[in-house]
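Read through the structure below, which is laid out as structure tokens, and then see the notes.
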Amino acid sequence: MTDTKSQTPSPTDQTAAQVRFEDFGLSPDILRALTEQGYVHPTPIQAQAIPVVLQGKDVMGAAQTGTGKTAGFSLPIIQRLLAHANSSASPARHPVRALILTPTRELADQVAENVKAYSRFTPLRSTVVFGGVDMNPQTAALRAGVEIVIATPGRLLDHVQQKTINLSQTQILVMDEADRMLDMGFLPDLQRIINLLPKQRQNLMFSATFSPEIKKLAASFLNQPQTIEVARSNATSDNVTQILYKVSEEEKRDAVSFIIRERGLKQVIVFSNTKIGASRLAVHLVKQGVKAAAIHGDKSQNERMVALEDFKRGEVEVLVATDVAARGLDISEMPCVINFDLPYNAEDYVHRIGRTGRAGAKGDAISLHTDQDERLLVDIEKLIKQKIVRLQLSGFVATSVHTERTKPARERFDAGSRHESGSRHDARPARGYQPPREKVDPWFLKPYTPSTTASLPVATAQAEEVSAAKPQKRAALLGGLLKARS
DNA sequence: AAAAAAC
């Protein structure tokens, strides 16, 4: 909902800030919804996208999350559906006329909430469709009739198969976070869905980055699209201060709680590369009295929802997340994000830190890195075309250890407890000497041994081969798509 | 290497 909030204009916003939502010729019913929410001025992407979408043109939009993208496409879509009412259909029948696809369930839910809010005073109906929850309520809503459907691809196709949805009248298609959908291997699903739609339709595609693959996708799906680009692609916001702290693998968890305590953070997302890592870190933080919760794909949809709601309400102060939350999640006023792990994919770094410094506000992006991360760091700095500031985590002493197994960790534990002024060590003195637990995550704990160091170049070379092959495979897929269409 | 998404 922070999407369209008017903001302190930065120099580049000045023209946009002078425009008002009233200037677009939107229906009074839409303007009323906007007024009630206190939205007066469009964000730059909204100012650019709304008129173009209203004209019925295809759009290729490059926009980071937090730029007001959702309102940028949903407001004009609602307007178009209102203006071109289905005269032929009986009033009881509401065919799906606009379809909005998103990569994650949470994002689908949020977009749906926004669409509902903007169309509140119109006769248009909308519903959201995604997996992990009971199909029946969705089926009931679709039966009752909706003009706008917001969906994740898998469950949508499920409904198609069950014949509980009819897409033969869909005039507008939106692909939100298209780059993410490609990354997640949704291309075949996208193609299947598009084949179900009328050939004559309006297509809107939004992507945080303009990779060659995205351009190919745009070329195959869009019809003479108008390009809208607000932020430089792959650029990080100037409002975000990026910091790096070098720590050892064993120190990471304590470093996170140290940073949270030291800065008095009350709203922070911590990104972990693994689901198990996210869960463990959350448990660790809770044990230290931090109000933390984990959100990742192994949690039930209900748990994910509850964690997100609690976080938005402030009941949870630290949300430990995998990349399920890297893109799209609309969480307002995020002053800080922490990378517990550096992401494997440099683009994900951009998305993660895009969770902060939004809508003109300042933000901090703090990343922990270890010796093993050097390569990832190089990739990231190459992508964002800047060096990230390396700082010392001054005053930090690890008080507990990741694993009790490695000798260096134990030494650090002893050293830490001697210098530490707090009493956590005294409260639980036996902790450092317990025998190792049975289930040790091999990925998480990589001991420093000469043999692993020696084998590293080989492993790296293999990894390069794989990642080099991937785009080609995608390109081949896209090529097939192009041929199939022509 | 991981994560996400349909049952």
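Letters A, B, ... mirror the listed sequences (proteins, then strands); counts begin at 1.
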[N] [atom2] sits how many Å from [X] [atom1], rounded?
X	N	atom1	atom2	answer
A:Leu376	B:dA2	CG	C1'	12 Å
A:Met184	B:dA5	CE	P	5 Å
A:Ile295	B:dA2	CD1	P	21 Å
A:Leu187	B:dA5	CG	P	18 Å
A:Asn345	B:dA4	CG	P	14 Å
A:Gln301	B:dA4	CD	C1'	12 Å
A:Glu106	B:dA3	CD	P	15 Å
A:Lys299	B:dA5	NZ	P	15 Å

Please determine whether a side-chain nitrogen or oxygen atom of [X] lies at a distance below 4.0 Å from atom OP1 or OP2 of [N].
X	N	result
A:Arg304	B:dA5	yes
A:Thr322	B:dA4	yes
A:Arg105	B:dA4	no
A:Thr152	B:dA6	yes

Under the side-chain hydrogen bond (donor to acceptor under 3.5 Å, both in side chains) test, residues paired with A:Asp373 that sit two or more places apart: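 With sequence neighbours excluded, A:Asp373 shows a side-chain hydrogen bond (donor to acceptor under 3.5 Å, both in side chains) to A:Thr370, given in chain and number order.
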Is it true that atom NZ of A:Lys291 has more than 12 heavy atoms of other residues, nucleotides or ligands lying nearer than 6.0 Å? no
Are [X] and [Y] ion-paired here, with the side-chain N under 4.0 Å from a carboxylate O?
X	Y	result
A:Arg201	A:Asp58	no
A:Glu147	A:Arg125	no
A:Glu309	A:Arg304	no

Select one nucleotide: of B:dA4, B:dA6, B:dA5, the one nearest the side-chain heavy atoms of A:His296.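 The listed nucleotide nearest to A:His296's side chain is B:dA4.
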So A:Gly185, base contact, sugar-phosphate only, or nothing? Heavy-atom distance under 4.0 Å.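 Touches nothing.
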